[in-house]
Every structure is written in C-alpha cells, then in structure tokens.
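So you know, we letter chains A, B, ... as the sequences are listed, proteins then strands, and number each from 1. Fair warning: this is a prediction, and the values are worked out from it, not measured in the lab. We use all heavy atoms of the structure for the numbers below, so side chains are in, but hydrogens, waters and symmetry mates are not.
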2 protein chains.
Amino acid sequence: MGATKADLFTKQQNEIALMAKALAHPARIAILQYLVKKNACVCGDLVDELGLAQATTSQHLKELKTAGLIQGTIEGVNVCYCINPKVWKQYQVLFAGFFKDVAPDGSCC
Amino acid sequence: MGATKADLFTKQQNEIALMAKALAHPARIAILQYLVKKNACVCGDLVDELGLAQATTSQHLKELKTAGLIQGTIEGVNVCYCINPKVWKQYQVLFAGFFKDVAPDGSCC
DNA sequence: CTTTCGTATCGTAATATTACGATGGATAAT
DNA sequence: ATTATCCATCGTAATATTACGATACGAAAG
C-alpha cells in the first residue's frame, strides 16, 4: 500500500493535487518567490540563496520544471531559470477557481 | 536525512508549503469539493463517496481538520463535517497573493 | 445490559519524498 | 591540454505519506 489511488478520483482532482504537491515544500516556495522577485533569468545564485546542498537544490528545481512552473536555459557555464508565465497563470486561475466556488456562510457546524 | 529543513526558510514560506501540502492529495481535494458542493454539514456518506477504506478516509479528514480547512461536530452517532469558511478564506487570500505578485512578462528565457 | 452503528486510533506494510555526497559532463578560463 | 566552475544525475539513507485491517470507543437502539 502507500501508493495514492489516483484511479479513484477525477482527472481534475488529481491535477489539482499534483499542482499543490509542486508547491508543498518551502524550498520550492522560496525558489519561486525568488524568481518572481527578480523577475528575470537567475543564474547560479540559487544554491547560495537556499542554503541547501547543490544536489538537493537541483532536485527541487527539477520538480518545479516537471510541474512546468519554471524553465531553464543554458547560458554558457550557467543555467538560468525563470518563471514560466503561462503555466504560472494557469496555477493562478485554477487555485482561484478552486477556492471561489464556496459559499462561506458556515451556518451549520 | 529526508526531513524537511524548515529552519532554512521563512515562516511564511513554511506556512504556504504546509497549506499546499494539505491540498496535495486527490482524496482531500475530493472531500473539500464535496463539502463545498453540499454547502452544509455532511454526515456519514463521505466514506461511500470516496471509495477509500474507512480508516484511510478518517485519516484524510484528520489532516484537513489539522489544517483547519474543515470542522467536525458530533451529531449523535454521526460526525458531521463542513468547510471552515474563515480558514477557507485565508487560503483563498494567501494563494491569490502568492500568485499575484508575479510580473509575467517572461521576456528572458 | 447488550448489541449495533459510525468514527477514531493503532499498528504496520508499501511507497514517496527529502537530503546529501560522489560522480560525470559540458563549457569557459588559464 | 589542463584546470576550474556549474549543474545534473546516481546511489543511498532518513523520514514522511498513504493505505488498510484490527481494534477501541461512544451514543443510540433493542
């Protein structure tokens, strides 16, 4: 056991959960916030910024890349990362949609 | 190793990651969507709704309760769950804020 | 009081995530 | 050509998550 039973849920539910999972680590939040703040390609200084080992940082970057949230291009010796604005927008819309369709009266419990 | 190094990150970053983690499973998304759709106390039928074992469902409910997203009240034999509108709103605001402060030009990579 | 029903919790197995050292590959500098 | 730098990947250990059966617990019904 232990494996998520994805077949029990709708495609949309699995998708939202996957997107949330991409954000479910402070290091990845930190990376995203840093890239957003810089609003540009960021080369190199991500490892220094985070305080995690280089291998660990690379692993988190890979997950964000797999999620589509960031993209990296090789720039000589360095690799430069930035936000993928298209996917970023998708996340924004999806989470906003998820939280919107509530009727927050709370008149029951 | 393997434990998240929470002390490396800001309080806000850890908080966002924790909130995302609460959403990072399709069963929990399904529970939340169901509660939102019903917009009322839901007693009992959650186990049938999900298709997971009773123990597993209870475990997910507990995590959502810990995250504050839902609240449960004992109603005789049953326990009734509903969205906690206050915390729901907090999530909505926080995620909207997180995704808003991007400048999605993407003019670099 | 005993039984039944709905949940929570415990124990545990399977799997996933997180973290890091070590290694390798590519490019720039010497 | 050799060296240095940056980054990805591999291997692996520590920890966390997911899932379920078994059991416990409390309230209502008999």
Side-chain angles (χ1 to χ4, degrees), chain A residues 1-9 13-14 16-31 34-35 41-67 70-82 109, chain B residues 1-9 13-14 16-31 34-35 41-67 70-82 109:
Chain A
M1 308 151 195
T4 293
K5 297 198 157 180
D7 53 308
L8 284 180
F9 308 103
Q13 286 162 348
N14 282 305
I16 296 178
L18 267 182
M19 292 166 82
K21 200 180 274 187
L23 302 175
H25 195 286
R28 295 196 285 275
I29 297 293
I31 290 171
Y34 187 71
L35 291 181
C41 270
V42 170
C43 304
D45 43 348
L46 270 170
V47 174
D48 304 324
E49 191 67 17
L50 286 187
L52 289 170
Q54 185 264 325
T56 308
T57 304
S58 193
Q59 199 169 298
H60 283 302
L61 286 169
K62 187 182 180 182
E63 285 178 66
L64 288 174
K65 230 185 312 183
T66 301
I70 65 174
Q71 52 199 183
T73 53
I74 299 174
E75 197 87 18
V77 184
N78 302 288
V79 175
C80 297
Y81 288 102
C82 64
C109 295
Chain B
M1 308 152 196
T4 292
K5 297 198 157 180
D7 53 308
L8 284 179
F9 308 103
Q13 286 162 348
N14 282 306
I16 296 179
L18 266 183
M19 291 166 83
K21 199 179 275 188
L23 303 175
H25 195 286
R28 294 196 286 273
I29 298 293
I31 291 172
Y34 187 72
L35 291 181
C41 269
V42 170
C43 305
D45 43 349
L46 271 171
V47 172
D48 306 323
E49 191 67 17
L50 285 187
L52 289 170
Q54 184 265 325
T56 309
T57 304
S58 193
Q59 199 169 297
H60 283 301
L61 285 169
K62 186 182 179 181
E63 284 178 67
L64 288 174
K65 230 185 315 183
T66 301
I70 65 173
Q71 52 199 183
T73 53
I74 300 175
E75 197 86 19
V77 183
N78 302 287
V79 175
C80 298
Y81 288 102
C82 65
C109 293

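Evaluation of the side-chain hydrogen bond (donor to acceptor under 3.5 Å, both in side chains) rule for A:Glu63 yields A:Arg28 as partners, not counting sequence neighbours. For B:Thr56, the side-chain hydrogen bond (donor to acceptor under 3.5 Å, both in side chains) criterion is met by no residue, not counting sequence neighbours. Not counting sequence neighbours, the partners of B:Thr57 by the side chain to side chain contact (heavy atoms under 4.5 Å, CB included) test are B:Val47, B:Leu50, B:Leu52, B:Leu61. Scored by the side chain to side chain contact (heavy atoms under 4.5 Å, CB included) test, B:Asn78 finds B:Cys43 as partners (sequence neighbours excluded). The side chain to side chain contact (heavy atoms under 4.5 Å, CB included) test applied to A:Lys62 returns A:Thr66, not counting sequence neighbours.
By the 30° and 60° cut-offs, the orientation of the rings of A:Phe9 relative to B:His25 is perpendicular.
Remark on the helix from C:dC1-D:dG30 to C:dT30-D:dA1: inter-end axis angle 10°, axes from five-pair C1' superpositions, rounded to 10°.
Between A:Ala24 and A:Gly76, the residue anchored nearer the 5' end of DNA chain C, judged by the nucleotide with its closest heavy atom, is A:Ala24. Comparing A:Ala6 and A:Thr57 along DNA chain D, the residue whose closest nucleotide (by nearest heavy atom) sits nearer the 5' end is A:Thr57.
In this structure, A:His60 does not reach the C:dT17 phosphate: none of its side-chain N or O atoms is under 4.0 Å from OP1 or OP2.
Rounded to whole Å, the distance from NE2 on B:His25 to C1' on D:dA19 is 9 Å. When the P atom of D:dC7 is taken as reference, atom CD1 of A:Ile70 falls 12 Å away, rounded to whole Å. Atom NZ in B:Lys21 sits about 10 Å away from atom C1' in C:dT18, given to the nearest Å. In this structure, A:Ile29 places its CD1 atom 12 Å from P of C:dT18, rounding to the nearest Å. The separation between B:Ile31 atom CD1 and D:dA19 atom C1' is 14 Å, rounded to whole Å. Atom pair B:Asp7:CG and C:dA19:P shows a separation of 10 Å (rounding to whole Å applied). As rounded to whole Å, 14 Å separates atom P of D:dC7 from atom CD of A:Glu49. Spacing between atom CG of B:Leu23 and atom P of D:dT17 amounts to 14 Å, rounded to whole angstrom units.
Residue-level contact check: A:Glu63 touches the backbone only, with heavy atoms under 4.0 Å from sugar-phosphate atoms and none from bases. In this structure, B:Ile74 reaches neither bases nor backbone, as no heavy-atom distance under 4.0 Å exists between it and the strands shown.
Applying the side chain to side chain donor-acceptor pair (under 3.5 Å) test to every pair with at least one member in residues 43-52 of chain B, sequence neighbours left out, gives these pairs: B:Tyr34-B:Asp45. Sequence neighbours left out, not one pair with a member in residues 16-25 of chain B passes salt bridge (charged side-chain N to carboxylate O under 4.0 Å, His left out).
Considering only side-chain atoms of A:Ala53, the nucleotide from C:dC20, C:dA19, D:dC20 that sits closest is C:dC20.
A:Cys80 SG to A:Ile70 CD1: the interatomic distance, rounded to the nearest 0.5 Å, is 12.0 Å.
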Hey, what are the protein-to-nucleotides 5-10 of chain C N/O distances that come in under 3.5 Å?
residue: C:dG6; atom: O3'; partner: B:Asn78; partner atom: OD1; Å: 3.2
residue: C:dT7; atom: OP1; partner: B:Gly44; partner atom: N; Å: 2.8
residue: C:dA8; atom: OP1; partner: B:Tyr81; partner atom: OH; Å: 2.3
residue: C:dA8; atom: OP2; partner: B:Ser58; partner atom: OG; Å: 2.9
residue: C:dA8; atom: N7; partner: B:Gln54; partner atom: NE2; Å: 2.8
residue: C:dA8; atom: N6; partner: B:Gln54; partner atom: OE1; Å: 3.0

